[in-house]
Chemist: 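Below is a structure I'd like to ask you about.
In this text, all values refer to a predicted model and were calculated from it rather than measured experimentally. Proteins get letters first, then strands, A, B, ... in listed order; numbering begins at 1 in each.
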Amino acid sequence: MTEAIHTAALVKTFGPTRALDGLDLAVQTGEVHGFLGPNGAGKSTTLRILLGLLRADSGAVRLLGGDPWRDTAALHRRLAYVPGDVTLWPGLTGGEVIDLLGRLRGGLDTRRRAELLERFDLDPSKKGRSYSKGNRQKVALIAALASDVELLLLDEPTSGLDPLMEEVFRQVIREEQQRDGRTVLLSSHILAEVEALCDRVTIIREGRAVETGTLAGLRHLTRTSIQADLAGPATGLAALPGVHDLRTHNGTVRFDVDTAALDAVLRQLTTAGVRSLTSQPPTLEELFLRHYDRSPNGAGRRPEVAR
Amino acid sequence: MNALTGTRTLARLALRLDRVRLTAWILGLSVMPMGTAANYFQLYPTEQELRAVSGVLTNPSLVALSGPLFDLSIGGLTAWKIGVTEFILVALMSMLTVVRHTRTEEETGRLELLGATVIGRYAPLTAALLVTTLANVTIGVLAALGLTATGLPAAGSVAFGLATALVGTLFAAVAAAAAQVTGSARAATGITGAVLGGTYLLRAVGDTGPTWLTWLSPIGWGLHVRPYGGERWWVAALFLVTAAAFTTAGYALAGRRDVGAGLLAERPGPVAAAPGLRSSFALAWRLHRGLLLGWTLGLAATGAVMGGAAAGIADLTSPNQQLSDVLARMGGRAGFTDAFLGAIFGITGMVAAAYTVQATLRLRHEESSGRVEALLATRVGRVRWAAGHLVFALLGTALLLTVAGVAGGIAYGAQIGDVGGQVGRLLGAALVQLPATWVLAGLGTALLGLAPRLSSLAWAALIACVLITELGALFGLSQWLLDVTPFAHVPKLPGAAFTVTPVLWLTAVAVALGAAGLAGLRRRDMPVT
Ligand SMILES: Nc1ncnc2c1ncn2[C@@H]1O[C@H](COP(=O)(O)OP(=O)(O)OP(=O)(O)O)[C@@H](O)[C@H]1O
Ligand SMILES: [Mg+2]
C-alpha cells in the first residue's frame, strides 16, 4: 500500500508560536484518516502546508508523491479541499461558487453536483452573503465532493451542519470509501464522526502526533476505571505498572488501569479480598479527552478525576 | 435592555481599535491648517508683499479648484488654500470611520458576536456616530486653536474649525444612512464617496458660473462660512439641519432591517455559473465590474464638468495688473487655459489613483477575508490570482483616464468649436498620468507581497502624494521630497511638451515594485490574516 500523505518531523512556527513541532503523519492511499486534536493543536496548519499555502520551516512533506510547495498546480488537480472557515463571495450564488471552484480544479461532474445539492438540501440560488454558516459549509463540501479527485482534505467539514446533514455527510464519505483509491484526511472534533468513518486516526497535541493507529489499536490504549470495596489493605497496588490516580477511602479504592495491565491488577485485588467491584469499560472518548486536557499533567489524568 | 444598551462599551471598543488611525487623522487635519498659515506668515510678512502676489495666487483657474478667495489676508488665503483639501479629508475620515464601525463589523460577524450579549439595536450606529463626531469636534477645536496660535484672528479661526467639524459630521451622517441602505461596506463607502465627489464637482461648477450650484454642495457651504472674510455663522444651520436629516434616516432604516441585511431584499441569483465563469480572471471581472462602472461614470462626469469649466476660465480674469502680466507670460488666454487643464488632469490622475489603490488592495481583501484559501487550493496559482486583480488596477485606471480625457475633450471642444482637436489633446493630458498611478499599484503589490499586514499604507502613500503636491511648495519641502511623489514627474500636458523619459522611468519603477511584490507573494505564507 502506498502513502498518499507523508510528513516527517514537520516544524512550522509563527513568530514565537510553534504551531507544528515535529509532526509525523502518514496517510495510506485509499483510507479515511481521522485527524484529531484540541483547538490550536495545529490541524489547520498541517492541512495548509499540505496544500502548499504555508511553507514548513523544516521537515519533509510528500503529498500524492509530490512536493506540495513546488508542484502545487499539478497536485491541486488531484485534490479537493474544504477550509475550516468557509467564506464565500457575497455577490456570487452558491451554485456559481460550486461551479467556479469545480472548473478551476479541472472540471466537475454535473450529475454528482445535482445529486449532492439534492441530498444536502441546499438552495444554490442564494447569494453568498445570505447563507447561514451551515449552508456555507455545504457549498464548500459540495464543491469538493462533486469533483473527481484522488484526495479530499477536509478541515472540520461538519462544523455547523445539523445532525441530519451530518448523517448525509457520513453516507457520502462512506460511498467515497467504496470507490477505489480515494483518500480522505478528515480533521474533526467529533469523535462519533471519526469512529463512524475513519480507518485510522492521528491525534495531535501542541504540534506533535501523540497517538496514531487504527481505532481498534487505540482502544488498547484506553483505561478501565475501577472501584472496589476491599477486605484488607490494598498493598502493592500503587506500585503496579498501569495503575493511575489511585485513591483510597475507608477501604474503598478507586483507580484507572491501562487495558493491558488489567489482568495483573485484578490478581492483586483478589489477594486483598474483593467485597464489591464496579468497573467502567474503556471508551475512546476518554482517551480522546485525556489528550485534549490541557492542564500541566493533563495527558496522564482522567477528566473526571481532574475535575 | 433598551435600544441603546452597550453604546458606551462599543464606543470605547471603537476608540481602542482606531486609536492609531484616528490619532493620525486628527493630528494631520489639525496641524495642516496651522502649518499653512505659519508658512504664509513667513512668506509674506507684510500686507504689501501679500498684495503683490495675490493675483498669481488667486488666478481664476485656482478658483475652480479651490473656491473663491473671500479676503485678501493671511487668514483668507489660508482658509482658501487649505479649505477644500481639509474638508475632503475630514469627510473621508468620517465616512471610513462610520462604515468601519457599522457595516464592516456587521459583515465580519463581529457585531453579531457582540449583538448576542448586551447590545441594543441602535447601539452600533450610535457608537460609530459618537466616536466620529468626537473626532470631528477634536479636529475642529485643535484646528481653531492652532490657527489662533499663529496670530490669526480668533473669529476666523473658530469659523474654520467649525466648518471643518461640520463637514465631517455631515458626511458621518451621510455614511450612517448609506450603511443602512446597502448590503455591504463596500457599497456604503461607494455611495458616500460618490456623494463627496459630486459635492466637489457641484462646487467647482458653481464657483466658476451658476453660483446657486455651490449652495447645493456641503463643501461649498464649508467655504461659504467665510472664515476671515466676514464670517457667516448662519451657514452652520444648513449643516446641522442636513446632518440631522441624514442621521434620522439612518436610525429609521436601522430600525427596519435585520442585522447583516441591507434594506433591499436579496433576490435569488443563478443556480449555476455562466459558462464564462471558469478562470480567475473571470472571477476578478465579476468582483471588479461594479466598482469599475461606478468609477467610470464618476470620472466621465469629472472630465465633462472640468472641461466645461475650462472654457469659462479665461473670462474670469479680474482687472488685476499682476494677473494680466502672468497671463501674458503664460502665452495669453490659450496658454492660461492649458495650464488650468494641466492642473485639472494632474488632480484627475490622483483621483483615478484612488481607484488604482482600491483595485490593488482588493487582493488583500480577498486574502484577509479567507476567500483566497479555497481558490488557491485549486489549480489557480498565486501569481495568476494576483494578475487577475492587477489587470483591473492597471487597465481599469487606463479606462478611467481615457473616459475623463474624452469627456473633458468633448465638453471643452464643444464650447470652443474644436471637438476633434481637443479630444486628442485632453486624452493625452489624461493618459500621461497613467504611469504615475501604476507606481501606486506597484507599491500596493509590493506591500501585499512583502508586508501584507501593512498593505493599507498604499492609501497613506496616496494621501501623502496629494498633500505633497498641494502643499509641498508652500511648506518649502526639499526637492527630493517633492520628487518622491510619482505625480511630480508627469509632463504637464496639454500646455507643456510631452517628454518620454519620465514616463518610462515611472513605468520602470512600477514594474520593479510589482515584480518584487509578486516574488514576495510566491514565497510567503498564505493566507496572512
Ligand atoms: N497565520 C498565523 N499566524 C500566527 N499564528 C498562527 C497562524 N495560524 C495558526 N497559528 C497558531 O498556530 C497554532 C495552530 O493553529 P491551527 O489553526 O493549526 O490549530 P487547529 O488545530 O486547526 O485548531 P482548531 O481546532 O481550533 O481549528 C495556534 O496556536 C494558532 O494560534
Ligand atoms: Mg483548525
Chemist: State, yes or no, whether a side-chain contact exists between Glu96(A) and Pro270(B) at a heavy-atom distance under 4.5 Å.
Modeler: yes

Chemist: Flag the one option from Leu88(A), Asp85(A), Leu153(A) with the top tally of heavy-atom pairs under 4.5 Å to chain B.
Modeler: Leu88(A)

Chemist: Determine whether Arg278(B) and Asp99(A) make a side-chain contact, defined as any pair of heavy atoms from C-beta on separated by less than 4.5 Å.
Modeler: no

Chemist: I'd like to verify something: which residue of Gly290(B), Gly381(B), Ser279(B) has the highest number of heavy-atom pairs under 4.5 Å with chain A?
Modeler: Ser279(B)

Chemist: Using a cut-off of under 4.5 Å on heavy-atom pairs, state which of Leu51(A), Leu79(A), Leu92(A) scores highest against chain B.
Modeler: Leu92(A)

Chemist: Considering heavy atoms only, which positions within residues 518-529 of chain B lie below 4.5 Å of chain A?
Modeler: Arg522(B), Arg523(B), Arg524(B), Asp525(B), Met526(B), Pro527(B)

Chemist: Which residues from residues 373-380 of chain B are near chain A, with near meaning under 4.5 Å between non-hydrogen atoms?
Modeler: Glu373(B), Ala374(B), Leu375(B), Leu376(B), Ala377(B), Thr378(B), Arg379(B), Val380(B)

Chemist: Using non-hydrogen atoms and a 4.5 Å limit, figure out which bit of Ala274(B) sits close to chain A: side chain, backbone, both or neither.
Modeler: backbone

Chemist: The criterion is side-chain contact (heavy atoms from CB on, under 4.5 Å); which residues satisfy it with Arg289(B), sequence neighbours excluded?
Modeler: Trp285(B), Arg286(B)

Chemist: If you check every heavy atom in residues 449-456 of chain B against those of chain A, which residues fall under 4.5 Å?
Modeler: none

Chemist: What distance separates Thr72(A) OG1 from Arg382(B) CZ, expressed to the nearest 0.5 Å?
Modeler: 7.5 Å

Chemist: For the interface with chain B, which of Leu104(A), Leu75(A), Val86(A), Thr93(A) has the highest count of heavy-atom pairs at distances below 4.5 Å?
Modeler: Leu104(A)

